[in-house]
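What you see below is based on every heavy atom in this structure, not just the backbone, and it leaves out hydrogens, waters and symmetry mates.
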Amino acid sequence: MKIKLLLGAFAFIGFQSVFAQEVKTTTVIDSVKTVPATIDLEKQKLYEKEKIERDLNAQKEALKQKEDSEKALKDAEKAREKADKEKEKAEKSREKAEKEREKAEKERDKAAKEKEKAAKKVEQQEKKVENAGKDIEKLNSKLDKAEADLEKMQVKLDKSIARGKLTEVETQKENVKITKQQLKIKELEEDIVKAQKKLEKLKR
């Protein structure tokens with residue numbers, strides 16, 4: 001009986017060991033588990049590849065945006081510089097036009113002053129001519145009066161001598177008066193000649 005029990009125990013233990021070996025040998029389950037792991041690895045690689053491609057595209061896009069931004073900044077800077085140059089050019093043109101306007105205005109003022117000066121000169125010249133003409137008229141009037149007075153003095157002296165009313169001394173005095181009057185006439189004639197020459201000179 002004890003032998004049977006011992007045999008049964010050994011048989012059970014052997015069965016367990018055999019079963020355990022069978023479980024051990026069915027490691028196919030583990031190999032089966034490695035298949036999904038391989039698939040996951042491929043998926044992971046594919047994912048990583050796609051991620052790298054996405055990152056690369058993102059970097060390219062970012063670089064393109066940066067380049068576009070830099071180009072836009074450069075274009076804006078060029079446009080600003082061009083606008084500044086155009087503004088400076090316009091300012092220079094405005095300043096030049098202002099200087100030309102001021103110059104033209106000065107020349108116009110100068111011409112107006114020259115014209116006014118010339119007009120005044122002409123007016124003064126005409127006034128001088130007019131005055132010279134008046135002076136000649138006055139001298140001629142004086143000459144006419146002096147000649148008339150001389151004639152009266154001579155007539156009076158001749159009458160007085162003819163009547164015998166004058167002494168020799170009185171006659172000489174009257175002759176002196178007549179001579180003085182004749183000298184006065186000569187001086188007036190000379191003044192008239194001078195005045196006429198002056199008038200002719202003014203008229204040139």
May I ask whether L143 and M153 are part of the same hydrophobic cluster, defined by side-chain heavy atoms of I, L, V, M, F, W, Y residues being less than 4.5 angstrom apart, directly or through others? yes
Answer yes if V193 and L202 sit in the same cluster of Ile, Leu, Val, Met, Phe, Trp and Tyr residues linked by side chain heavy atoms under 4.5 Å apart, and no otherwise. no
In terms of heavy-atom contacts, does CD of E151 have more than 12 from other residues, nucleotides or ligands at under 6.0 Å? no
Hey, what do you get for [atom1] ([X]) to [atom2] ([Y]), rounding to the nearest 0.5 Å?
| X | Y | atom1 | atom2 | answer |
| --- | --- | --- | --- | --- |
| K128 | D135 | NZ | CG | 13.0 Å |
| D144 | D149 | CG | CG | 11.0 Å |
| K110 | K117 | NZ | NZ | 10.5 Å |
| I136 | D191 | CD1 | CG | 11.0 Å |
| K45 | D40 | NZ | CG | 12.5 Å |
| K115 | R108 | NZ | CZ | 13.0 Å |

Would you sort out whether K64 and D68 count as a salt bridge (Lys or Arg N to Asp or Glu O under 4.0 Å), showing the intermediate values? CA-CA 6 Å; K64 186 176 181 300; D68 291 343; 3.2 Å; yes
Run K134 and E130 through salt bridge (Lys or Arg N to Asp or Glu O under 4.0 Å) and show every step you take. CA-CA 6 Å; K134 287 180 179 179; E130 183 182 352; 3.4 Å; yes
Salt bridge (Lys or Arg N to Asp or Glu O under 4.0 Å) for E77 and R80? Distances and angles first, verdict last. CA-CA 5 Å; E77 183 66 18; R80 187 186 65 77; 2.6 Å; yes
In a table with atom names and distances, give each donor-acceptor pair under 3.5 Å that connects a side chain of residues 177-189 to protein atoms at least two apart or in another chain.
| residue | atom | partner | partner atom | Å |
| --- | --- | --- | --- | --- |
| T179 | OG1 | N175 | O | 2.8 |
| Q181 | NE2 | A146 | O | 2.9 |

Taking [X] first and then [Y], would you say they form a salt bridge - that is, a charged N and a carboxylate O separated by under 4.0 Å?
| X | Y | result |
| --- | --- | --- |
| E86 | K82 | no |
| E102 | K106 | no |
| K71 | D75 | yes |
| E88 | K92 | yes |
| R101 | E98 | yes |
| R94 | E91 | yes |
| E116 | K120 | yes |

Per side-chain contact (heavy atoms from CB on, under 4.5 Å), L199 is matched among Q196, K203, K201 by K203
So, the side chain of S69 versus the backbone of Q65: is there a donor-acceptor pair under 3.5 Å, distance only? no
Check whether any side-chain heavy atom of L157 sits under 4.5 Å from a side-chain heavy atom of L166, and report yes or no. yes
Name all residues meeting the side-chain contact (heavy atoms from CB on, under 4.5 Å) criterion together with L56; count only those two or more places apart in sequence or in a different chain, and write none if there are none. Q59, K60
